[in-house]
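Every chain is numbered from 1 and lettered A, B, ... according to where its sequence line falls, protein lines coming before strand lines. Just so we're clear, the structure is a prediction, and the values are computed from it rather than from any experiment. Below, each value reflects all heavy atoms present in this structure, side chains not excepted, and no hydrogens, waters or symmetry copies.
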Protein chains: 2
Amino acid sequence: MRRMTARPANAHQAKLLRLLRDGGPNSRAQLGDQIDLSRSKLAVEVDRLLETGLVVADGLAASRGGRRSHNIRLNPGLRFLGVDIGATSVDVAVTNAELEILGHLNQPLDVREGPVAVFEQVLSMAAKLRASGLAEGYDGAGIGVPGPVRFPEGVPVAPPIMPGWDGFPVREALSQELGCPVMVDNDVNLMAMGEQHAGVARSVGDFLCVKIGTGIGCGIVAGGDVHRGVTGSAGDIGHIQAVPDGRPCACGNRGCLEAHFSGAALARDAVEAAQQGLSDELASRLAANGTLTAVDVAAAAAAGDATALDLIREGGNRVGQVIAGLVSFFNPGLVVIGGGVTGLGHNLLAAIRTQVYRQSLPLATGNLPIVLGELGPTAGVIGAARLISDHLFSPA
Amino acid sequence: MRRMTARPANAHQAKLLRLLRDGGPNSRAQLGDQIDLSRSKLAVEVDRLLETGLVVADGLAASRGGRRSHNIRLNPGLRFLGVDIGATSVDVAVTNAELEILGHLNQPLDVREGPVAVFEQVLSMAAKLRASGLAEGYDGAGIGVPGPVRFPEGVPVAPPIMPGWDGFPVREALSQELGCPVMVDNDVNLMAMGEQHAGVARSVGDFLCVKIGTGIGCGIVAGGDVHRGVTGSAGDIGHIQAVPDGRPCACGNRGCLEAHFSGAALARDAVEAAQQGLSDELASRLAANGTLTAVDVAAAAAAGDATALDLIREGGNRVGQVIAGLVSFFNPGLVVIGGGVTGLGHNLLAAIRTQVYRQSLPLATGNLPIVLGELGPTAGVIGAARLISDHLFSPA
DNA sequence: GGGCTTTGTCCTGTGAGTGGAGAAAGTTGA
DNA sequence: TCAACTTTCTCCACTCACAGGACAAAGCCC
């Protein structure tokens with residue numbers, strides 16, 4: 001199948017494509033209700049989109065009391081590739097143009113092996129999805145990487161946990177390999193876009209999305225748009241000082257949030273606690289697996305282990321304290337907590353909420369929901385698909 | 001003189017008005033270079049603006065090697081009122097449509113006396129400026145208040161230091177009294193807009209403007225626009241925790257930034273130091289005036305007083321620590337320090353810089369200027385004039 | 001089958017906008 | 001002093017975007 005080459009010719013067409021993406025199939029009349037155009041002009045633009053093949057008319061909808069309408073929908077053959085590269089694993093998914101996930105793969109990975117090795121793996125996963133009949137090719141791809149990105153060029157810059165990626169032309173290289181347009185962004189920003197598109201942040205214009213995984217980051221959405229900062233490092237809250245003269249951090253400072261709470265820090269603290277004999281539960285798990293992760297702590301807490309609960313609660317307090325400051329500063333309408341440690345669930349959430357509601361101003365917290373992300377591990381890939389579709393569904 | 005009633009009829013006219021505001025008088029040809037319109041269409045829109053009286057053609061400019069051009073400029077009779085209400089004083093200024101200050105008054109004031117008393121004073125100051133021949137009337141007014149504002153309605157909400165103002169319809173009331181359109185915003189946001197329009201932040205799209213006066217606030221500009229947050233309290237950083245279990249704060253928590261450093265906190269600490277005999281310089285000033293302010297501390301530091309220097313340095317460290325976190329989070333292209341304590345000057349700035357450059361990520365600080373505001377006490381009133389002109393110079 | 005509703009198309013009028021021709025008004029150099 | 005050139009501004013004809021009404025098509029309900 002020849003892949004999508006057409007792009008919307010003007011802002012109206014772009015808006016129509018986004019309406020069809022976000023609202024699914026629609027009749028011309030329904031589209032007319034959502035766009036500020038006369039029926040005649042709308043019909044002209046829809047016809048032009050039909051000519052390009054970006055949208056198709058398939059069949060008639062049920063009558064709503066009068067003449068039946070034609071169903072207008074995005075070309076069902078369009079395929080987007082969403083890639084979410086984490087520090088220790090990668091998610092690759094295929095979506096249709098409505099950003100529904102048709103197939104999803106997850107594999108372990110060490111991002112420090114560098115871009116060449118990682119993309120070899122990603123491309124083979126993309127090929128596997130294609131081979132399984134889900135796609136004949138890709139019309140666009142969104143890529144999330146765990147570090148700052150110079151967004152217009154799609155190039156990682158000075159990423160702390162993946163030094164070998166500095167300056168690697170991800171966008172250009174993948175665009176060549178995949179033969180389709182590619183956009184690259186920070187993984188946390190993509191998670192925020194995912195929750196905004198299909199998760200808890202639907203219809204919220206200003207919100208924060210805190211991702212707690214191996215590290216900690218924060219997606220910032222202001223006025224409906226992701227705020228990336230002047231060098232693409234906005235939301236990098238892992239190295240905000242949480243504890244004066246606290247634990248030493250890999251960055252060279254002391255007391256960074258990430259040094260006190262993150263997937264990695266939690267695992268480290270759990271091992272320490274087990275070795276010090278503070279928790280039989282954790283100790284037996286350590287003995288069984290040789291190591292501990294956030295999942296073990298969550299399980300121990302669920303089993304009523306007091307030490308595990310304390311670790312979660314203290315971590316939540318640290319994160320909550322930092323988030324409280326960000327809430328005062330940014331005054332968001334919603335705070336979403338996501339990432340690998342969401343398995344810690346409501347114990348973590350409760351600690352965060354306590355800190356934020358106690359420390360931030362009442363005006364900022366009065367009507368502020370603090371919730372867990374809805375999409376879990378699919379937030380990133382949906383956000384990635386959304387990123388490339390936003391790009392392709394805008395005037396050329 | 002009849003005041004301005006016309007508004008730009010479309011986006012082109014609005015853009016032309018802003019070009020003339022920001023760039024001063026221009027010929028049609030020069031305007032054509034800055035706007036994406038054909039010469040013929042441009043001429044039509046300029047003619048329409050001339051008909052409305054918003055702009056005038058006065059005389060011919062010098063030749064640039066060919067036919068001399070007509071000077072097109074904003075109506076020189078237009079007058080904006082800029083009002084910056086602080087906790088303890090108020091600034092009122094008159095500007096022309098190019099936002100140049102034609103006259104400026106400053107008077108002491110206690111904002112806690114409530115809106116009625118304050119506006120009586122403001123209106124009499126506006127009348128005084130009018131009586132001195134600077135204005136025959138006002139075409140619009142911008143008002144800054146030291147607290148959160150529900151921006152669309154122009155109403156203060158739950159302002160901590162001016163409880164009597166909660167819900168007072170500032171915009172509506174002043175619009176009635178002055179007989180012209182009025183816009184209301186937080187004073188810190190206006191300071192940011194002032195520095196953006198005519199100060200150090202010209203041509204910077206993402207920056208933070210930290211105002212340290214009686215309290216501490218932060219104007220946030222993202223993508224060229226002020227970020228106000230969902231309840232208008234964005235930038236309220238005075239109650240971010242700077243010192244765990246630190247000094248008690250009026251808000252009920254402990255260790256808030258404002259409790260450790262602000263104009264008020266600095267004066268309090270200086271009095272304490274003087275009374276404890278730590279500084280002869282401060283003690284003698286206390287004896288002379290019965291009280292101390294930031295100005296005294298600045299003077300003592302300039303005279304080489306070690307205690308005063310320590311107070312400034314320690315305060316700078318506190319603010320710097322908080323700003324460091326905000327820089328990591330927001331990744332701005334510039335940080336502006338302003339407000340009453342700018343008299344503390346480079347001692348303060350040095351302490352702030354040290355903290356930010358030490359604690360924030362290199363990628364975020366690599367090319368980050370941290371500078372004092374350029375406009376001093378006029379930033380607020382210029383920002384206020386800019387606020388109302390942005391409103392009036394947009395399509396009706 | 002008649003009246004009503006909904007959907008979609010066709011057609012015409014209006015106004016936005018472009019681009020070129022050319023007039024107006026100046027400078028420069030022989 | 002005049003010709004050649006430059007810059008500014010106006011005028012005009014043509015194109016295209018768009019609205020809005022008339023109307024045809026296709027359904028419903030009674």
Side-chain angles (χ1 to χ4, degrees), chain A residues 6-20 23-74 394-396, chain B residues 6-20 23-52 54-74 393-396:
Chain A
R7 289 277 290 276
N10 57 42
H12 296 317
Q13 293 184 15
K15 175 144 194 198
L16 287 170
L17 291 175
R18 292 179 189 215
L19 285 173
L20 290 170
N26 261 288
S27 69
R28 287 178 175 81
Q30 286 172 314
L31 289 171
D33 294 340
Q34 303 172 68
I35 196 172
D36 192 25
L37 277 180
S38 65
R39 280 198 307 282
S40 41
K41 177 60 178 165
L42 174 85
V44 169
E45 296 297 351
V46 170
D47 286 346
R48 289 183 189 161
L49 284 174
L50 287 168
E51 276 173 34
T52 67
L54 282 171
V55 306
V56 299
D58 64 340
L60 296 171
S63 166
R64 298 193 306 172
R67 176 176 169 175
R68 294 167 66 190
S69 60
H70 294 271
N71 256 336
I72 308 293
R73 66 166 68 211
L74 290 167
S394 56
Chain B
R7 288 278 290 277
N10 58 41
H12 296 318
Q13 293 185 14
K15 175 142 192 198
L16 287 170
L17 292 173
R18 291 177 191 216
L19 285 174
L20 290 170
N26 261 290
S27 68
R28 286 178 176 82
Q30 286 172 313
L31 289 171
D33 294 339
Q34 302 172 68
I35 196 172
D36 192 26
L37 277 180
S38 65
R39 281 195 307 284
S40 35
K41 177 62 179 166
L42 175 83
V44 169
E45 296 298 351
V46 169
D47 286 346
R48 288 184 190 162
L49 284 174
L50 287 168
E51 275 174 35
T52 67
L54 282 171
V55 307
V56 299
D58 64 340
L60 297 171
S63 166
R64 298 194 306 174
R67 174 174 171 177
R68 297 168 64 192
S69 59
H70 293 273
N71 255 335
I72 307 292
R73 65 167 67 212
L74 289 167
F393 293 170
S394 57

| message | With a 4.0 Å cutoff (strictly under), does any side-chain N or O of B:H12 reach OP1 or OP2 of C:dG17? | response | yes
| Length of the CZ-P vector between B:R39 and D:dT6, whole Å | 15 Å
| Rounded to whole angstrom units, what separation is found between the CD atom of A:Q30 and the C1' atom of C:dT7? | 11 Å
| query | Could you state the CG-C1' distance from A:D47 to C:dT7, rounded to the nearest angstrom? | reply | 14 Å
| request: Give the rounded distance in Å between these two atoms: CG of B:L42 and C1' of D:dC11. | output: 15 Å
| said: I need the CD1-C1' distance between B:I35 and C:dA16, as an integer number of Å. | reply: 14 Å
| Contact class for B:S69 (heavy atom, under 4.0 Å): base, sugar-phosphate, or nothing? | sugar-phosphate
| task | Write down the distance between CG (B:N71) and P (D:dT7), rounded to a whole number of angstrom. | result | 18 Å
| said: I'd like to know if the side chain of B:R18 reaches the main chain of B:F393, judged simply by a donor and an acceptor atom lying under 3.5 Å from each other, with no hydrogens or angles considered. | reply: yes
| task | Give a yes or no on whether a donor-acceptor pair under 3.5 Å exists between the nucleobase atoms of C:dG17, that is its base, and the side chain of B:S38. | result | no
| said: Once you apply a heavy-atom cut-off of 4.0 Å, does B:K41 come out as touching a base, just sugar-phosphate, or nothing? | reply: base
| query | Hey, does A:V46 have a side-chain heavy atom less than 4.5 Å from the side chain of A:H70? | reply | no
| field | Closest to the B:S40 side chain, choosing from C:dG20, C:dC11, C:dT9 | value | C:dG20
| field | Atom-pair distance (CG on B:N26; P on D:dT7), nearest Å | value | 17 Å
| Nearest-0.5 Å distance that lies between atom NE2 in A:H12 and atom NZ in A:K41 | 6.0 Å
| query | Nearest of D:dT8, D:dA17, D:dA19 to any side-chain atom of B:A29? | reply | D:dT8
| query | How many Å lie between CG on A:L37 and C1' on C:dG8, as a whole number? | reply | 16 Å
| field | Electrostatic pair A:D47:A:R28 at N-O distance under 4.0 angstrom | value | yes
| query | Taking 4.0 angstrom as the limit, do B:R48 and B:E51 come out as a salt bridge? | reply | no
| When you measure from the side chain of A:E45 to the backbone N and O of A:L42, does any donor-acceptor pair fall under 3.5 Å? | no
Anything under 3.5 Å between a protein N or O and an N or O of nucleotides 25-30 of chain C, put it in a table, one pair a line.
residue: C:dA25; atom: N3; partner: B:R67; partner atom: N; Å: 3.3

| Partner of B:N26 under side chain to side chain contact (heavy atoms under 4.5 Å, CB included), chosen from B:I72, B:L19, B:L20, B:N71 | B:L20
